[in-house]
Amino acid sequence: MEISTITQAMQLHAQLIKTGHGKNTLSLSKLFNFTALSYSGNLSYARAIFDSIPCPNSYFWNTMIRAYSKSTEPEHALQLFLTMQHKDHKPDKFTYPFILKSCGCLRKTHEGKQFHALIYKSGLEFDRFIQNSLIHMYCDCGESNAAARVFEKMLEKDVVSWTSIIDGYVDDNRSTEALQLFGKMEKEGIEPNDATVVSVLRACADVGALDTGRKIHQIVEEKNFGKVNVSTALIDMYSKCGCIDSARKVFEKIEQKDVFAWTTMISGLASHGKSKEAIDLFETMVEMHVKPDVRTITAVLSACKNAGWVREGYSYLNKMEKRFGLRPTIQHYGCMVDLLARAGYLKEAEQLIKRMPIEADSVVWRNLIWACKVHGDKDRSDRLMNQHQHLQMDFKIKDSGTCVLFGNIYASTGEWSEKAKVRQLMNKKGLTKPKGSSKIETKGTIHEFVAGATSHPDAKKIYEKLDEITEDLILAGYQPKVSEVMLDIEDEEKALQLHHHSERIAVAFALISTNKDARIQIVKNLRSCEDCHNVMKLISKVYEREIVIRDRIRFHHFKNGNCSCGDYW
DNA sequence: CAACGATCAA
């Protein structure tokens, strides 16, 4: 008898009890399997069945543990493992993958390592499934190095091993290495499947690896990976690599578009400054009866923010709860505060922070304070900075972003002693300034630059080119600003090197290493500043090159000295 | 006697 509903399962259970289920383990295991694992099952009912078995065999133990590992309370899986040991029942090669999954979900690195030791002692360390689970567990716990050690030791790495380690590297901000691993995987002749390409596309999106991304698109076509999530990953990759039109083409071809596909497309359009298209697409989505989720609304609000549409922003924020039944999160309120503040409604922005049912985080405060500075409302920004500084002291928030903001504000108004205090505070709290970097892809390889770095093999040529660029820019009317970094550095020569921001170094590298008509595409890990924009505008004009910059917030397309995304602010 | 691992967006 096939079981497909929980009622059927209960009927079968009743029958088994009546006729005495002692001998009929096959029916009972079928029943148990359904109750514990199927989507329409019932975990506590499964546990009741489990508890009614006097001496459960391995299958029952493992299935019960597996059920917990998939549930919202994976810690019960670990508890059950202890019970199992207590009752002298030995774990086997099926037990460990579920246990390791639970450790991963719960970020229990320490326990995970202990299980690793147990696995080693029981001689199961060369089981492929267990090794793959170990890789995944270590990645979930943020220990990608430990995962890599397991991976290296594997004698037969299969496609799941490769996918797991690649995906883990992407999650751990090691996308460049993830792409190198994919290259190795191809060399070893392992065929990627749909899960693999999704992970590799995430890596491409992360670092702006368009060439590799296109290559993956070809593989997807050849192998006919038709799942929506693959298309969604392609849309995201193309969007994040600056090719919004290619993203759109992939989107149009999807037959059954789900929330993820819609949301990814909408946020791609929003980040490219195409607010109108983003909003239109959202309306179409609603017409097609696809229910938006909280992230969809975030994308819509950020489209409003980029366009400065205050009324529309408010209306979507209201609709979100009333029409779609979604509770706004800090991201939504933060976006709305930012929208108001950028449009110059500073008082309203501050009031919204006080009114909203969630406590503002430091990102929200930071955006508002910065907006006050941009709009020249010094009283408000001083007051907010004082308030926020107290918050920071009182709650011991470790937030280097806020310190950087304060430092920048003091520097821009020439309050050097205040700025020095911020620096002292950062030292005391052990905070370091996030280091800006710029990535660029040439011939399928990712190059990453930070200000002042000299480790690139072409460093000498790049800095020569930079000097040349600086001269050309000055001829075209650029006035070098006394950079903030320069003031902190004693050594003058070092200061001059640092003065070249990372994106300028990347552009110089692109100018000497790419074709004249290829567009230059840069991924920054921080938000780009006004000075960066002015310089990019000029370079694109003087050298007649198209330059695309992606920063934390959005894209900026520079062509012949014009920026198609409006001003940076 | 049954069974196990990797998947998307601010």
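Naming: A, B, ... by sequence-line order, numbering from 1 per chain. Side chains included, hydrogens not; waters and symmetry mates left out as well; all remaining heavy atoms used.
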Practice problem: Tell me, please, which residues at least two apart from A/Thr329 pass side chain to side chain donor-acceptor pair (under 3.5 Å). | Solution: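 With sequence neighbours excluded, A/Thr329 shows a side chain to side chain donor-acceptor pair (under 3.5 Å) to A/Gln331, A/His332, given in chain and number order.
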Those residues of [range] lying under 4.0 Å from DNA chain B by at least one heavy atom:
range                       : result
residues 200-228 of chain A : A/Arg202, A/Lys227
residues 134-169 of chain A : A/His136, A/Asp158, A/Val160, A/Thr163, A/Ser164, A/Asp167
residues 172-195 of chain A : A/Asn193, A/Ala195
residues 313-323 of chain A : none

Of the nucleotides [options], which one has an atom closest to the side chain of [X]?
X        : options              : result
A/Phe98  : B/dG5, B/dA10, B/dA9 : B/dG5
A/Lys240 : B/dC8, B/dA9, B/dC4  : B/dA9
A/Tyr59  : B/dC8, B/dA10, B/dA2 : B/dA2
A/Asp293 : B/dA6, B/dA3, B/dA9  : B/dA9
A/Lys93  : B/dG5, B/dA6, B/dC4  : B/dC4

In whole angstroms, how far is the [atom2] atom of [N] from the [atom1] atom of [X]?
X        : N     : atom1 : atom2 : value
A/Tyr238 : B/dA9 : OH    : P     : 17 Å
A/Lys70  : B/dA6 : NZ    : P     : 11 Å
A/Ile99  : B/dA3 : CD1   : P     : 20 Å
A/Arg554 : B/dA9 : CZ    : C1'   : 19 Å

Quiz item: Is a side-chain donor-acceptor pair under 3.5 Å present for A/Ser239 with A/Asp236?
Solution: no
Quiz item: OP1 or OP2 of B/dA10 less than 4.0 angstrom from a side-chain nitrogen or oxygen of A/Lys305, does that happen here?
Solution: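 Looking at the OP1 and OP2 atoms of B/dA10, neither is under 4.0 Å from any side-chain N or O of A/Lys305.
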Exercise. Give a yes/no on whether any side-chain N or O of A/Arg295 is located under 4.0 angstrom from OP1 or OP2 of B/dA10.
Key: no
Quiz prompt | Result of checking A/Leu301, A/Leu352, A/Val310 against A/Leu339 for side chain to side chain contact (heavy atoms under 4.5 Å, CB included) | solution =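 Only one of A/Leu301, A/Leu352, A/Val310 forms a side chain to side chain contact (heavy atoms under 4.5 Å, CB included) with A/Leu339, namely A/Val310.
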Exercise. In plain terms, say whether A/Arg248 and A/Glu252 are close enough for a salt bridge, that is, a side-chain N and a carboxylate O under 4.0 Å apart.
Key: yes
Ring centroid separation for [X] and [Y], is it under 6.0 angstrom?
X        : Y        : value
A/Trp61  : A/Phe81  : no
A/Phe151 : A/Trp162 : yes
A/Phe251 : A/Trp262 : yes

Practice problem: For the pair A/Gln521 (side chain) and A/Cys241 (backbone), establish whether a donor and an acceptor sit closer than 3.5 Å, ignoring hydrogens and angles. | Solution: yes
Quiz item: What residues form a side chain to side chain contact (heavy atoms under 4.5 Å, CB included) with A/Cys532, not counting sequence neighbours?
Solution: A/Glu503, A/Lys524, A/Ser528, A/Cys529, A/Met536, A/Ile549
Practice problem: Answer yes or no for this row: A/Phe94 ring on B/dC4 base, centroids under 5.5 Å, planes under 30°. | Solution: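 No, A/Phe94 does not stack on the base of B/dC4.
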